[in-house]
Amino acid sequence: MSAQLPANLSAETVREISDARDEPEWLLEARLEALEALDELELPDVIQTPGRRWTNLEALDFESLVDPLNQADETTRESPEGVVVLPFTEALSEYGDLIEERFGSVVDPESNYLTALSAALFTTGTFIYVPEGVDAEDVKIRAEMNSRSLFSHTLVVTEESSSVTILEAIESGDSVDDARYFSNLVEIDAGENSYVQYGSLQNLDEETYTYSLKRADADTYSTVNWIEGNLGSRLTRSDVETELNGEASETKIVGAFFGHDDQHLDVNARVWHKAENTTADLVTRGVLDDEARSVYEGVQDVGRDAWSTNSYQRENTLMLSDQSEADASPKLIINNHDTEASHAASVGQVDAEDLFYMVSRSIPEEQARNMLVEGFFVPVLEEIAVDEFRDDLEELIAARLR
Amino acid sequence: MATLEIKNLHARVAEEDGEQILRGVDLEVKSGEIHALMGPNGSGKSTTSKIIAGHPAYEVTDGEILLHLEDDDFGDLEIPDDVRTWNLLELEPNERAALGIFLGFQYPAEIEGVTMTNFLRTALNAKIDEREELLFGEDDEEEEEEAGYDTSPMEGNVDDGEVGVAEFQKLLKEKMELLDMDEKFMQRYLNAGFSGGEKKQNEVLQAAILEPSIAVLDEIDSGLDIDRLQDVSKGINALRDEQGTGILQITHYQRILEYVEPDHVHIMLDGKVVKSGDASLASELEDKGYDWVREEVYEAA
């Protein structure tokens, strides 16, 4: 079942977006193709167990959420020497050929209804290009969403033996009374022996529905590390995925979420081992308070030719309230016996003995609980390379606890 | 000088049809004294210690636990006359700790993500705040609420509390040297990956930092090799000699009593203290075993 096409969505709309940005013909064609595909495409898969769908994307009213011609954002980009960090549109004039070659090569716009919608309508996003041998730290992109709907597309290309650490943060600007929709596609094309850490911090207001698909193609000896932080939104569907296509490539997918009130966070981490000697480590830690709900799916898919694979997955959810709910589905698919792999998920409450231990040392109960929750996120915080990102995430966690 | 007074304490496991564990415990421990509490498994020693600290798993069905304070118990801090006797059973566990009760755990919790330094400095500052609040009433300047923002799991809240980071580091270093503990523990997560012996040393270290009036040490000597036993014993003696802490030491073994010589020895059986004496009682017990006590007690009854 595919979603109803919003009435205000037509080839005309797409042309208008493309014309206004003076885009090359190929991009307009790509947008139109995506638009055309919408009829045939389904919403992203969600897990179903008897009697319920874990996340109900069908209920989203795209008709009222999507307002393609009035997209607005305010985005600042900080980039160190040697690396190209440009708004997607601006990058087209100078890096058009490269973008044409790689756009949509990692995230297929026709993956599902929501990716196609995003490819057809995106107006913001960033192009990051790290030339061969360049080491770049602390690329910072901070976006503020100022419209009912916003579609963003980011493309990261790292050449051989380069490295980069990136922070992308998104929050809400002007307040809008009604529900909003934010869509974010991120593609990373990691060249041979390159290193990328892509950190993402989503803290949108709690009237916003968010869809995000981040996907990397890791070449030989490359490393792609994702840090995915979700604190905001009313409902989030986030997929973070790496294809380990090159021999000895590695990935970490590290996630942190903290839901409260009636937030719904559907976070997913997936890795495909497609070459020999590849390594993956999936670590997600989440906290739920009030009536918040989380859904997690983790997939490690070890292909037939992925000899000598190491693949690990852990997901832990901590519940601070009896009304919160968490579902987790860690999956391990092995088509190659030469594999060392583990996968585990747990859901639990703050340990009563840990709490008593701290309280018996004079620390008031609530403060002790907060320390335990902050400590619970430390394994994620420790992975973050961009200091500002770590500080922001820590601060948001601390603020939500108090 | 503080006195912990346990009178006719009855308690059971706090659940439906919870087992009755304590059946009338009487004990009195004063600052500066060392008491050993011995008894066979299941006699109620550990339960007694947890109830003193306020563990929520137990329900007190009768009796009371009082803490009597005297003027000099909190150093220069003057304790008003009308708040010198406290009914511990009416206080939260953190409030009991603030008034000088310390529980050394038999199995200390391992807490990932919270460093020793952060934990202990937070505890020390919380103790100082809470104690003032209990003795002198509510703080008007609600400054604590704001504190949340500048916090970090590694260092804790940098500006918060009476004892600042630098001052605390110095204090911690001093106490660690005394216990022959490696400085590397300061930045490690609380008990995480510590050996059994290191955890016990850490319990004594925490007591040394928090300077309790009465420290209840639950099997602090179990699982220690001889070197560590000596370090821990040295630490316990220092608590008494340098800070005037009263010690209630729960143990199965005579061994630690050779290093930490008790002024009083008590024996528990079936939820009661059935026999008390001086240090010689422990040696007698070592020779004759609990059956001897059992026979003596039940014959007399």
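Source: prediction; values computed, not measured. Just so we're on the same page: letters track the sequence lines, and every chain starts at 1.
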Peer 1: Work out which heavy atom in Ala97(B) is nearest to a heavy atom in Val359(A); give both atom names and the distance.
Peer 2: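 Shortest heavy-atom contact: CB-O, 4.4 Å.
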Peer 1: Chain A: which of Leu124(B), Ile111(B), Ile128(B), Leu120(B) shares the most heavy-atom pairs with it under 4.5 Å?
Peer 2: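 Maximum pair count with chain A is reached by Ile111(B).
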Peer 1: Say you draw a straight line from CD1 of Ile363(A) to CG of Asn125(B); how long is it, rounded to the nearest 0.5 Å?
Peer 2: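 Going from CD1 on Ile363(A) over to CG on Asn125(B), the span is 10.0 Å.
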Peer 1: Could you check if a side-chain atom of Tyr107(B) sits within less than 4.5 angstrom of a side-chain atom of Glu353(A), using non-hydrogen atoms only?
Peer 2: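 The answer is no, as the side chains (C-beta and beyond) never meet within the 4.5 Å cut-off.
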Peer 1: His55(B), Glu130(B), Glu92(B): which one forms the most heavy-atom pairs within less than 4.5 Å of chain A?
Peer 2: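 Highest number of heavy-atom pairs under 4.5 Å: His55(B).
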Peer 1: Considering all heavy atoms of both residues, which atom of Ser362(A) and which atom of Ala98(B) are nearest to each other, and what is their separation?
Peer 2: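 Scanning both residues, the minimum pair turns out to be OG-N, 3.8 Å.
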Peer 1: Which residues, numbered in order, of residues 190-215 of chain B come under 4.5 angstrom of chain A by heavy-atom distance?
Peer 2: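 Leu190(B), Asn191(B), Glu203(B), Gln206(B), Leu210(B), listed by number.
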Peer 1: Side chain, backbone, both or neither: which part of Leu103(B) has an atom under 4.5 Å from a heavy atom of chain A?
Peer 2: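 Both backbone and side chain.
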Peer 1: For the interface with chain B, which of Ala368(A), Pro379(A), Pro364(A) has the highest count of heavy-atom pairs at distances below 4.5 Å?
Peer 2: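 Highest number of heavy-atom pairs under 4.5 Å: Pro364(A).
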Peer 1: Are Gln367(A) and Asn94(B) side-chain neighbours, meaning at least one heavy-atom pair lies under 4.5 Å?
Peer 2: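 A side-chain contact under 4.5 Å is absent here.
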Peer 1: Can you tell me if NZ on Lys173(B) sees more than 12 non-hydrogen neighbours from other groups inside 6.0 Å?
Peer 2: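 Counting other residues, nucleotides and ligands, NZ of Lys173(B) stays at 12 neighbours or fewer.
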Peer 1: Determine the minimum heavy-atom distance between Val378(A) and Gly113(B), stating which atoms define it.
Peer 2: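 Closest heavy-atom pair between Val378(A) and Gly113(B): CG2-O, 3.5 Å.
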Peer 1: I need the Phe356(A) CZ to Phe105(B) CZ distance, nearest 0.5 Å.
Peer 2: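 It is 4.5 Å, given to the nearest 0.5 Å.
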Peer 1: Should the heavy atoms of other residues, nucleotides or ligands under 6.0 Å from CD of Glu64(B) be counted, would the total exceed 12?
Peer 2: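 Correct, the count exceeds 12.
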Peer 1: Can you confirm whether more than 12 heavy atoms, excluding those of Glu59(B), are under 6.0 Å from its CD atom?
Peer 2: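 Yes - once you tally the heavy atoms of other residues, nucleotides and ligands closer than 6.0 Å, there are more than 12.
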